[in-house]
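First listed ligand is number 1; within each ligand, the first listed atom is number 1. Numbers here are sequence positions counted from 1. Quantities reported herein were computed from a predicted structural model and do not represent experimental measurements.
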Amino acid sequence: MTVHEVEPFNAEPPRAALAGNMLTPVEAFYSRNHAPVPALDPATWTLAVDGLVVRPTTWTLASLRERFAAHSETATLQCAGNRRAGLVDIRDIPGEAPWGPTATATARWTGVRLGDVLEDAGVDPDATDVAFLGADVSEVARPPQEFGGSVPLRKARMPEVLLAWEMNGEPLAPVHGAPVRVVVPGYIGARSVKWVQRVTVADRPSDNFFQASTYRLLPPDVDPASAGPGDGVALGLVAVNADFLAPDDGAELPAGPTPVTGYAFAGGDRTVVRVDVSSDGGATWAQADLGEQASPWAWRHWSTTVDVARGEQQILARAWDSSAALQPADPASVWNPKGYVNNSWARLRLVGR
Ligand SMILES: Nc1nc2c(c(=O)[nH]1)N[C@H]1C(S)=C(S)[C@@H](COP(=O)(O)O)O[C@H]1N2
Ligand SMILES: [Mo]
């Protein structure tokens, strides 16, 4: 793992650890934390469901399992800061980790549907949003507070949104949110709140620091230190994105035909429909072969063969989604002060010998 920060723990795997795996092994799944990992006892953990509901309720792990049917969903999580390093190359982004291309991963999540829990509580007709609150207190926030965020009620009710206690058939690891986390497929990773202890139905988005003041797209000329709650645009749906998984960036290889693979992902209810690869700086493109679509909420891996020339060269990749959106060419055009959503064309340096 490349460890960006030891405490709070922030780390991403080498590209090779994601290559060839539709489901990411738990030990290769990136970790993104804003506070020390809280030690929660599954036997005493509770989840409060409150706000604009008819029947506020407190659930235990046992009562959730007993009351609601279990469901599984294969879904990709992608951090809004994935590929930030490409933006840092354009202009420095102080105080934010320079994530490479592997702050994204896919797991099979098992738990209960958030929609079933909301239905049981009885949602007020005026409600518009559902807020989640974790148990981890972040000193990064102003003022220090538990990590939280919200999603629109219409998304929270969708069958793919889970209160999950299992990842790839194993109980959630502490660093990934044990005993229970939210999984909001198609939304930035930040909305999949770990160590969830409260679900609040409301008539506005959460005022938690991580919803109101960060994970927002600011115009390039704004100083993030002077930006206040509500400034910029709240990030939600993941924009179409892609990167290389093999060979590694900077790899030295024998010149000649070389297999090249990567991932591509689009959030919301969009899926990846095409990936192009170029060896001539984008003058011409060849379509890569797309791998399986394991679920509507999962990435697709792609593969192709590139003719590696002698010397140093750059290979490009770009994905299209089912709304015909294409990744932008240039990282400078998407640069923003907090370094989110770098979905510019993927660039891989290879050296042919
Ligand atoms: N409680 C809590 N939930 C959280 C976070 C956090 O710091 N605290 N980080 C979020 C972010 S920004 C991302 S990208 C994902 C990462 O999940 P992972 O660490 O399991 O990969 O968790 C989200 N949920
Ligand atoms: Mo994130």
Atoms in ligand 1 flagged as close to His176, the criterion being non-hydrogen separation under 4.0 Å = 18 (P), 19 (O), 20 (O), 21 (O)
request  = For atom 22 (O) of ligand 1, find the nearest protein heavy atom and state the residue, atom name and distance (0.1 Å precision).
outcome  = Arg181 NH2, 3.3 Å
message = Need the ligand 1 atom indices (1-based, order shown) with element for anything under 4.0 Å from a heavy-atom of Phe29.
response = 21 (O)
message = Quick check on contacts: which atoms of ligand 1 are under 4.0 angstrom from a heavy atom of Trp195?
response = 1 (N), 2 (C), 8 (N)
note = One finds that the ligand 1 atoms under 4.0 Å from a non-hydrogen atom of Cys79 are 14 (S)
message = Quick test: of every protein heavy atom, which one is nearest to atom 19 (O) of ligand 1, and how far off is it to 0.1 Å?
response = Lys194 NZ, 2.5 Å
request  = May I ask you to list the atoms of ligand 1 that are less than 4.0 angstrom from any heavy atom of Ser192?
outcome  = 22 (O), 23 (C), 24 (N)
Heavy atom of the protein closest to atom 15 (C) of ligand 1 (residue, atom name, distance) = Gly189 O, 3.5 Å
More than 12 heavy atoms from other groups under 6.0 Å of CD on Glu5 = yes
key: All side-chain hydrogen bond (donor to acceptor under 3.5 Å, both in side chains) counterparts of Glu252, not counting sequence neighbours   = Arg353
ask   = Which ligand 1 atoms are under 4.0 Å away from a heavy-atom of Asn33?
value = 7 (O)
Only pairs under 3.5 Å count here: list side-chain donor-acceptor contacts from residues 217-231, not counting sequence neighbours, and write none if there are none.
| unit_1 | atom_1 | unit_2 | atom_2 | d |
| --- | --- | --- | --- | --- |
| Asp223 | OD1 | Ala225 | N | 3.0 |
| Ser226 | OG | Asp223 | O | 3.0 |
| Asp231 | OD2 | Gly228 | N | 2.8 |

inquiry  = Does only the side chain of Arg191 get under 4.0 Å from ligand 1, or the backbone, or both, or neither? Count heavy atoms.
reply    = neither
note = Ranked by distance from atom 7 (O) of ligand 1, the top protein heavy atom is His34 ND1, 2.7 Å
key: Student check: side-chain heavy atoms of Arg83 and Pro101 closer than 4.5 Å   = yes
Geometric cation-pi criterion, Arg65 with Trp165: 6.0 Å, 45° = yes
ask   = Counting only heavy atoms not in Glu66, do more than 12 sit closer than 6.0 Å to its CD atom?
value = no
inquiry  = Among all the protein's non-hydrogen atoms, which is closest to atom 1 (N) of ligand 1, and how far away is it?
reply    = Asp136 OD1, 2.8 Å
inquiry  = Does Arg204 have more than 12 heavy atoms from other residues, nucleotides or ligands lying within 6.0 Å of its CZ?
reply    = no
request  = Report, in ascending order of atom number, the atoms of ligand 1 lying under 4.0 Å from any heavy atom of Ser31.
outcome  = 19 (O)
query = By number and element, which atoms of ligand 1 are closer than 4.0 Å to a non-hydrogen atom of Val193?
reply = 1 (N), 3 (N), 24 (N)
key: Residue selection (non-hydrogen contact nearest atom 21 (O) of ligand 1) among Tyr30, Phe9, Tyr215   = Tyr30
ask   = atom 9 (N) of ligand 1: which protein heavy atom is closest, and how many Å away?
value = Arg32 O, 3.2 Å
pair Gln313-Ser279: side-chain heavy atoms closer than 4.5 Å = no
Cation-pi check, Arg318 onto Trp285 ring (under 6.0 Å, within 45° of axis) = yes
message = Heavy-atom contact check, 4.0 Å cutoff: does Glu146 meet ligand 1?
response = no
ask   = Counting only heavy atoms not in Asp207, do more than 12 fall under 6.0 Å of its CG?
value = no
Distance (rounded to the nearest 0.5 Å) between Ser322 OG and Asp269 CG = 7.0 Å
